[in-house]
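One structure is given below, encoded as structure tokens.
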Amino acid sequence: MKNIGIPKGMRDFSPSVMARRNYIFNTIRKSFELHGFEQIETPAMENRETLTGKYGEEGDRLIFNVMQRGDKLIDEILWLKELDTDTDKLTKENFNPAVKSSIIENFSDGALRYDLTVPFARYVVQHQNEITFPFRRFQIQPVWRADRPQKGRYREFYQCDADIIGTDSLLNEVELIKIFDEVLSELGMQDFTIKLNNRKVLSGIAEVIGRPEKIVDITVAIDKLEKIGQAKVEEELSEKGLTEIEINKIKPLFQLKGDSKLVISILKEYLEGSKVGQEGLVEVEEILQTLQAIPLQKAKLEIDVTLARGLDYYTGAIFEVVSNEVKMGSICGGGRYADLTGIFGLKDMSGVGISFGADRIYDVMEELGLFPESLSQSTQLFFVNFGAKEQAYVLPLLQQAREAGISAELYPEAAKMKKQMKYANQKNIPYVVMVGESEMQSGELTFKKMQSGEQEKLSFAEILKQLKG
RNA sequence: GUGGUUGUAGCUCAGUUGGUUAGAGCGCCUGAUUGUGGUUCAGGAGGUCGUCGGUUCGAACCCGAUCUUCCACCCCA
């Protein structure tokens, strides 16, 4: 075999895996549709400028850029030569970082989709005249990130997004939380937590500490509390330039655990001096209160001020879902963005959305053995091919079976019986029909049940009746 | 991007301090069985030991580079 392969972090999906993946996609799609969301798709590739600068510094680094094609690329290479005449002396060490970024900028004009939210914002701006707002859209497509692969992390993976744009009603947050619960419960997960936070609360915390500009550093650091412990978090905060007095002001947050009402009452006091912080708290409270009317199935809901996901464009609620049964990063995320379309030229368009990470959900379900057994079945009825005459006799029957909604196939050549039976066996086909000379004469076909091995002579009408019943 | 790890038949893996012709199980193909799969028996095919380079009389084994796998960090679904 030749040394062939596929790019790092990307995968083939064989039929048995696809059956399971589709089970997940179908469950999610069904729930989205049930809640009135309409599907759209956007291209795999966007203009590079559409994506850059939307996901923070780290995000920009992980975007797959697409090179220019043909003469345009040649032009850029010639341009580089002018910029650095002494190309022979170039080494990795003395390479000017500014040149590196302008190479990316000039050599690539496109980029692969990094998530579904930013392309959606672009879509909304571009199609604003055709859209009736508030717009509920869902989108199930792959995204690409140039990250190093590891457990639950791929370079190509599917996101399943549902967003509502054009209203700032908190009812949407409530509905989206409900969808998290509905879908994951339906998929058989028994123990998972929906974590809820609010960007305004985080802003408030940074304000109370007196370092509003350090909001990202502060939240990223306290996000690691459970993982690395309080001492290490304090160390990191100090490294990021916070004074001891400021760190001491953060300390009360380390104790924030447990009952939502308790957490909120502590935060109310803590955020007393911050108007934004109070606003955020009111939002959190309202969401919780509205949710009381709609009980959740399997999900646990938790206020988590250390939740710091997607800070770059989220302005209100922030969501994240983790499984408590399997050690895996977050399996879902989401949040509210008050002004994502603003950067594309459409103001005052608040949106909120969620995203299911289908590949991580798959890994979790696989580890927990949650996939139903029956998913892998393909063909129901198999016709053995005995030759030209028999084939002509069977063809209308094959058609009849399919019309009756029974998936059926006829072996494409008159191969040895043993080979055909083996094929049916390996494809896990439960029923086989044999039509040879004697069957054609009598009209009584040989019908074999593969699982038990028993077989009987039946008319085709009777066979269909059995399969449908 | 940082650190570690892995690579031998289609798959899962053995392989002695570096020494003849690199093995096993499963799978695959053929036959026992010209109208019967899944069981059994007999036989067979299949490997540039990830790739390139180096050390050596001699390399699957030692060294270097590179690609790939998996894992952790960063970050994230």
Side-chain angles (χ1 to χ4, degrees), chain A residues 1-11 14 24 28 55-63 92 97 100 113-117 140-161 180 216 219-221 223-224 227-228 232 236 307-312 319-323 327-335 353-364 382 384-387 390 411 414-439 445-455:
Chain A
M1 194 164 48
K2 266 240 172 102
N3 222 353
I4 49 171
I6 50 176
K8 186 202 290 218
M10 306 197 177
R11 301 165 297 162
S14 296
I24 294 173
I28 293 171
Y55 308 105
E57 205 179 313
E58 187 71 13
D60 274 2
R61 201 169 57 75
L62 299 179
I63 292 174
K92 213 172 179 178
K100 188 179 169 188
R113 199 168 42 219
Y114 177 89
D115 73 354
L116 301 180
T117 308
I140 298 175
Q141 288 190 276
V143 301
W144 293 270
R145 295 184 189 177
D147 216 341
R148 280 234 193 142
Q150 64 183 64
K151 188 180 182 190
R153 171 174 298 182
Y154 308 99
R155 286 187 149 187
E156 178 180 51
F157 61 97
Y158 273 72
Q159 290 194 331
C160 313
D161 277 35
F180 277 144
V216 173
T219 49
V220 164
D223 184 31
K224 294 175 189 162
K227 207 166 178 180
I228 62 178
K232 290 261 180 190
E236 182 167 331
L307 176 56
R309 304 283 153 162
L311 268 185
D312 280 275
F319 311 117
E320 174 177 290
V321 183
V322 292
S323 164
K327 192 175 169 282
M328 176 80 61
S330 50
I331 55 178
C332 305
I354 54 171
S355 180
F356 288 85
D359 303 76
R360 283 190 178 172
I361 290 172
Y362 183 101
D363 290 345
V364 167
F382 178 78
V384 176
N385 190 330
F386 284 97
E390 291 87 346
Y411 201 79
K416 281 181 185 165
M417 179 91 170
K418 185 185 170 105
K419 190 171 178 184
Q420 299 192 41
M421 291 302 288
K422 193 165 183 170
Y423 171 86
N425 186 55
Q426 285 187 325
K427 267 191 87 171
N428 242 316
I429 297 172
Y431 304 105
V432 170
V433 170
M434 282 162 267
V435 186
E437 203 145 336
S438 63
E439 282 92 346
L445 315 184
T446 302
F447 178 63
K448 176 159 182 165
K449 292 175 179 161
M450 292 296 274
Q451 202 176 359
S452 61
E454 61 182 320
Q455 60 187 52

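Chain A is the first sequence line, chain B the second, and so forth, proteins listed ahead of strands; every chain is numbered from 1. Just so you know, these numbers use all the heavy atoms, side chains as well, and skip hydrogens, waters and symmetry mates.
Between A/Ile361 and A/Ile24, the shortest heavy-atom distance links the atoms CG2-CD1, 4.1 Å. The minimum heavy-atom distance between A/Gly152 and A/Asp363, with the atom names listed, is CA-OD2, 3.9 Å.
Residues meeting the salt bridge (Lys or Arg N to Asp or Glu O under 4.0 Å) test with A/Glu390, sequence neighbours left out: none. Applying the salt bridge (Lys or Arg N to Asp or Glu O under 4.0 Å) criterion to A/Arg155, with sequence neighbours excluded, gives no partner residue. Listed by chain and residue number, A/Phe382, A/Ile429, A/Val432, A/Met450 satisfy the side-chain contact (heavy atoms from CB on, under 4.5 Å) test with A/Ala424 (two or more places apart in sequence, or in another chain).
Distance A/Lys418 NZ to B/U39 P: 10 Å, rounded to the nearest Å. When rounded to the nearest whole Å, the span between CZ of A/Arg11 and P of B/U69 equals 11 Å. Taking atom CZ of residue A/Arg148 and atom P of nucleotide B/U68, one finds them 10 Å apart after rounding to whole Å. Here the C1' atom of nucleotide B/C75 and the CZ atom of A/Arg145 are 9 Å apart, to the nearest Å. Here the P atom of nucleotide B/A77 and the OH atom of A/Tyr114 are 7 Å apart, to the nearest Å. Look at CG on A/Asp115: it is 18 Å from P on B/C75, rounded to the nearest Å. Atoms CG (A/Leu62) and P (B/C75) sit 11 Å apart, rounded to a whole Å. For the pair A/Ile63 CD1 and B/C75 P, the interatomic distance rounds to 17 Å; values are reported in whole Å.
Backbone-only contact: A/Gly9 has heavy atoms under 4.0 Å from sugar-phosphate atoms and none from a base. The residue A/Glu439 sits close to a base: some heavy atom pair falls under 4.0 Å. Within 4.0 Å (heavy atoms only), A/Glu58 reaches at least one base atom of the nucleic acid. Looking at heavy-atom distances under 4.0 Å, A/Gly453 makes contact with a base. At a threshold of 4.0 angstrom between heavy atoms, the contacts of A/Gly329 with the nucleic acid are absent. At a threshold of 4.0 angstrom between heavy atoms, the contacts of A/Gly152 include nucleobase atoms, whether or not backbone atoms are also involved.
When each of A/Lys427, A/Lys419, A/Met421 is tested with A/Tyr423 by the rule side chain to side chain contact (heavy atoms under 4.5 Å, CB included), just one qualifies, namely A/Lys427.
When the C1' atom is used for both B/G4 and B/C11, the distance is 27 Å, rounded to whole Å. Nucleotides B/G58 and B/G19 are separated by 15 Å at their P atoms, to the nearest Å. Separating the P atom of B/U56 from that of B/A22 is a span of 25 Å, rounded to the nearest Å. For the P atoms, the distance from B/C70 to B/C63 is 25 Å, rounded to whole Å. A distance of about 7 Å separates the P atoms of B/G10 and B/G47, rounded to the whole Å. Distance check on atom C1': B/G64 versus B/U55 gives 11 Å, rounded to whole Å. For the C1' atoms, the distance from B/G3 to B/U16 is 33 Å, rounded to whole Å. With C1' as the reference atom, B/A60 and B/G18 are 10 Å apart, rounded to whole Å.
Distances shown here put a side-chain N or O of A/Gln150 below 4.0 Å from the OP1 or OP2 atom of B/A72. Between A/Lys227 and B/C73, a side-chain N or O to OP1/OP2 separation shorter than 4.0 Å is present. One finds no side-chain N or O of A/Lys419 lying less than 4.0 angstrom from the OP1 or OP2 phosphate oxygen of B/G31. Between A/Lys448 and B/U36 there is no side-chain polar atom (N or O) within less than 4.0 angstrom of OP1 or OP2.
Within a heavy-atom distance below 4.0 Å of RNA chain B, the residues of residues 422-433 of chain A found are A/Lys422, A/Asn425, A/Gln426.
Checked by atom type and distance alone, the side chain of A/Arg113 never pairs as donor or acceptor with a backbone atom of A/Trp144 at under 3.5 Å. At distances below 3.5 Å, at least one donor-acceptor pair connects side-chain atoms of A/Asp359 with backbone N or O atoms of A/Tyr158. Counting only distance, with no hydrogens or angles, the side chain of A/Gln420 and the backbone of A/Ala415 share a donor-acceptor pair below 3.5 Å. In this structure a side-chain-to-backbone donor-acceptor pair under 3.5 Å is present from A/Lys151 to A/Lys327.
Among B/U36, B/G1, B/G37, the nucleotide with an atom closest to any side-chain atom of A/Met450 is B/G37. Considering only side-chain atoms of A/Arg360, the nucleotide from B/A77, B/C75, B/G35 that sits closest is B/A77. Closest contact between the side chain of A/Phe386 and the listed nucleotides B/C71, B/G35, B/G1 involves B/G35. Of the candidate nucleotides B/U36, B/C71, B/A77, B/C71 has the atom nearest to the side chain of A/Lys151. Nearest nucleotide to the side chain of A/Lys8, out of B/A72, B/U36, B/U68: B/U68.
In this structure, the side chains of A/Glu156 and A/Pro142 come closer than 4.5 Å at one or more pairs of heavy atoms. Residues A/Phe157 and A/Arg360 fail the side-chain proximity criterion, which asks for heavy atoms closer than 4.5 Å. Considering only heavy atoms from C-beta on, A/Met10 stays 4.5 Å or farther from A/Tyr154 through its side chain. In this structure, the side chains of A/Gln159 and A/Phe356 stay at 4.5 Å or more apart for every pair of heavy atoms. Considering only heavy atoms from C-beta on, A/Phe386 comes within 4.5 Å of A/Met417 through its side chain.
Counting distance only, with no hydrogens placed and no angle test, the side-chain atoms of A/Gln455 and the base atoms of B/U36 include a donor-acceptor pair under 3.5 Å.
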Dot-bracket encoding of pairs in RNA chain B, which uses [ ] for pseudoknotted crossings and | for another strand, Watson-Crick or G-U under 3.5 angstrom: ((((..(..((((.....[...)))).(((((.......))))).....(((((..]....))))))..))))....
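In this structure, the aromatic ring of A/Phe356 is not positioned over the six-membered ring of the base of B/A77 within 5.5 Å between centres and 30° between planes.
Between A/Lys449 and A/Ile228, the residue whose closest nucleotide on RNA chain B is further toward the 5' end is A/Lys449. Heavy-atom nearest nucleotides on RNA chain B were determined for A/Arg153 and for A/Pro7, and the one closer to the 5' end corresponds to A/Pro7.
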Please list, pair by pair, any protein nitrogen or oxygen found under 3.5 Å from a nitrogen or oxygen in nucleotides 42-46 of chain B.
none

